[in-house]
2 protein chains.
Amino acid sequence: MSSIGRYEQMLREAELRVTRPRLAVLEAVHRHPHADTDSLLNAVRGDLPEVSHQAVYDSLNTLTAAGLLRRIQPRGTVARYESRVGDNHHHVVCRGCGVIADVDCAVGHTPCLTAADDHGFVIDEAEVIYWGTCPTCSMARA
Amino acid sequence: MSSIGRYEQMLREAELRVTRPRLAVLEAVHRHPHADTDSLLNAVRGDLPEVSHQAVYDSLNTLTAAGLLRRIQPRGTVARYESRVGDNHHHVVCRGCGVIADVDCAVGHTPCLTAADDHGFVIDEAEVIYWGTCPTCSMARA
DNA sequence: GAGTTTTCTTGACTCTTTCAAGATTACGGA
DNA sequence: TCCGTAATCTTGAAAGAGTCAAGAAAACTC
């Protein structure tokens, strides 16, 4: 099945209407993981030059709410999106250049999901962000 | 030693100038953990009615950079600050009302600091945010 | 106490994101 | 295939958090 066909199916399974902006947004996020909204808007306009920025914002929010995309937003950065959902992976962010990479957690399947004292909270997700320096920035500094 | 005396000492040890806005910001964050910038601005103006919002932003940034405060910013919220630094604790955020509580990580001293595949990054911090529902919101929902 | 440097005040401004109203499009059923 | 309804998109404005810049004030050094 074509990519577009897969995206269409994903939308239908989520009971969302299939629209050109949404397909283009899905395509853009799949092709540019960890991209910010502005980059995605540009990417989407490669397919649909006339799309409004509002449609992209709406689509990103809708698709995120439906679980088709995941929003990540390390402190101090704008929102970024990725298409890898449902596998509980985490991210490492470079303090130098801001680049983001995926990491699987060392601890296992639902890492750290047990807090020492949960204060009575019902916890359903543990989000881990590793901060550090990427190879390129390490090299440049040395 | 008075609180103010302690804060003054903290500033000097960090090689920062001791100014009234900074003392008031330290005091405000110690008294209102997890408060956002706007609440802190109001709290600071309880002591220093004429302080500018810029001074509060500057102080928060400076104190955070110096390691005297810690900035936390779960996705979708504005920046919040706390005075508990250096002990690698984490946070649980309520999806319902947004309240934040401190948690110590179950895994040990430097939880999750070892990613399964670090992509060559030099990792220096692992930030964990637990998402869930607080007791009050759980109660209200039932 | 004087000089130097940092910090604060003031006010405007940027950037990301959201709101609102009307036009358009997608989908279910005839 | 066409219609009606409801969701979605376009357009344009605006809100909110945070930053920039220039001059005034305060803190520290000697």
Side-chain angles (χ1 to χ4, degrees), chain A residues 4-5 7-28 34-45 47-66 68-69 71-81 98, chain B residues 4-5 7-28 34-45 47-66 68-69 71-81 98:
Chain A
I4 294 298
Y7 301 146
E8 188 173 335
Q9 189 180 2
M10 288 165 64
L11 287 171
R12 291 192 193 286
E13 283 169 3
E15 302 192 337
L16 295 175
R17 293 200 173 177
V18 178
T19 68
R20 295 166 120 299
R22 285 179 181 170
L23 292 173
V25 166
L26 277 174
E27 168 80 5
H34 309 143
D36 60 33
T37 313
D38 197 53
S39 308
L40 291 171
L41 178 57
N42 289 332
V44 167
R45 285 188 170 152
D47 292 339
L48 290 174
E50 299 303 321
V51 79
S52 65
H53 84 148
Q54 189 62 258
V56 173
Y57 272 97
D58 276 357
S59 298
L60 288 169
N61 286 334
T62 305
L63 296 171
T64 301
L68 268 49
L69 297 179
R71 170 188 275 131
I72 51 185
Q73 191 167 16
R75 63 188 180 231
T77 79
V78 299
R80 291 159 180 276
Y81 294 86
Chain B
I4 294 299
Y7 301 145
E8 187 173 337
Q9 188 180 2
M10 288 165 64
L11 287 170
R12 290 193 194 286
E13 282 170 3
E15 303 192 336
L16 295 176
R17 291 198 174 179
V18 178
T19 67
R20 294 168 120 299
R22 286 179 180 170
L23 292 173
V25 166
L26 277 174
E27 168 81 5
H34 309 145
D36 59 34
T37 313
D38 198 53
S39 308
L40 292 171
L41 178 56
N42 289 332
V44 168
R45 285 187 170 153
D47 292 339
L48 290 174
E50 299 303 321
V51 80
S52 65
H53 85 146
Q54 189 63 258
V56 173
Y57 272 97
D58 275 358
S59 297
L60 287 169
N61 285 335
T62 304
L63 296 171
T64 301
L68 267 50
L69 297 179
R71 168 187 278 133
I72 53 185
Q73 189 167 17
R75 61 185 181 236
T77 79
V78 300
R80 291 158 179 277
Y81 293 86

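Residue numbers start from 1 in every chain, and the chains themselves are labelled A, B, ... in the order their sequence lines are given, proteins ahead of strands.
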Are [X] and [Y] close enough that some pair of their side-chain heavy atoms sits under 4.5 Å apart?
{"X": "Y81(A)", "Y": "T37(A)", "result": "yes"}
{"X": "I72(B)", "Y": "T77(B)", "result": "no"}
{"X": "T62(A)", "Y": "L68(A)", "result": "no"}
{"X": "L23(A)", "Y": "L11(A)", "result": "yes"}
{"X": "Q73(B)", "Y": "Q73(A)", "result": "no"}
{"X": "L16(B)", "Y": "M10(B)", "result": "no"}

Collect all protein-nucleotide pairs involving nucleotides 21-23 of chain D in which both atoms are nitrogen or oxygen and the distance is under 3.5 Å.
none

Would you say T37(B) reaches dG18(D)'s phosphate, i.e. side-chain N/O to OP1/OP2 under 4.0 Å?
yes
Taking only side-chain nitrogens and oxygens of N61(B), does any of them come within less than 4.0 Å of OP1 or OP2 of dG18(D)?
no
Within this structure, what is the [atom1]-to-[atom2] distance between [X] and [N], rounded to whole angstrom?
{"X": "R80(B)", "N": "dG18(D)", "atom1": "CZ", "atom2": "P", "value": "11 Å"}
{"X": "R71(B)", "N": "dT19(D)", "atom1": "CZ", "atom2": "C1'", "value": "12 Å"}
{"X": "L40(B)", "N": "dG18(D)", "atom1": "CG", "atom2": "C1'", "value": "15 Å"}
{"X": "D58(A)", "N": "dT25(C)", "atom1": "CG", "atom2": "P", "value": "16 Å"}
{"X": "Q73(B)", "N": "dT17(C)", "atom1": "CD", "atom2": "P", "value": "11 Å"}
{"X": "Y81(A)", "N": "dT17(C)", "atom1": "OH", "atom2": "C1'", "value": "9 Å"}
{"X": "L48(A)", "N": "dC9(D)", "atom1": "CG", "atom2": "C1'", "value": "11 Å"}

Nearest of dT9(C), dT16(C), dA17(D) to any side-chain atom of Y57(A)?
dT16(C)
Side chain of R22(A) only, please: which of dA17(D), dT8(D), dG11(C) is the nearest?
dT8(D)
Does a donor on one side chain and an acceptor on the other come within less than 3.5 Å for D36(A) and S39(A)?
yes
All N/O pairs under 3.5 Å across the protein-nucleotides 21-24 of chain C interface:
none

Distances under 3.5 Å only, N/O to N/O: pair up the protein atoms with those of nucleotides 25-30 of chain D.
residue	atom	partner	partner atom	Å
dA27(D)	N3	R17(B)	NH1	3.1
dC28(D)	OP1	V18(B)	N	2.7

Closest heavy-atom contact between V25(B) and S59(B)?
CG2-CB, 3.8 Å
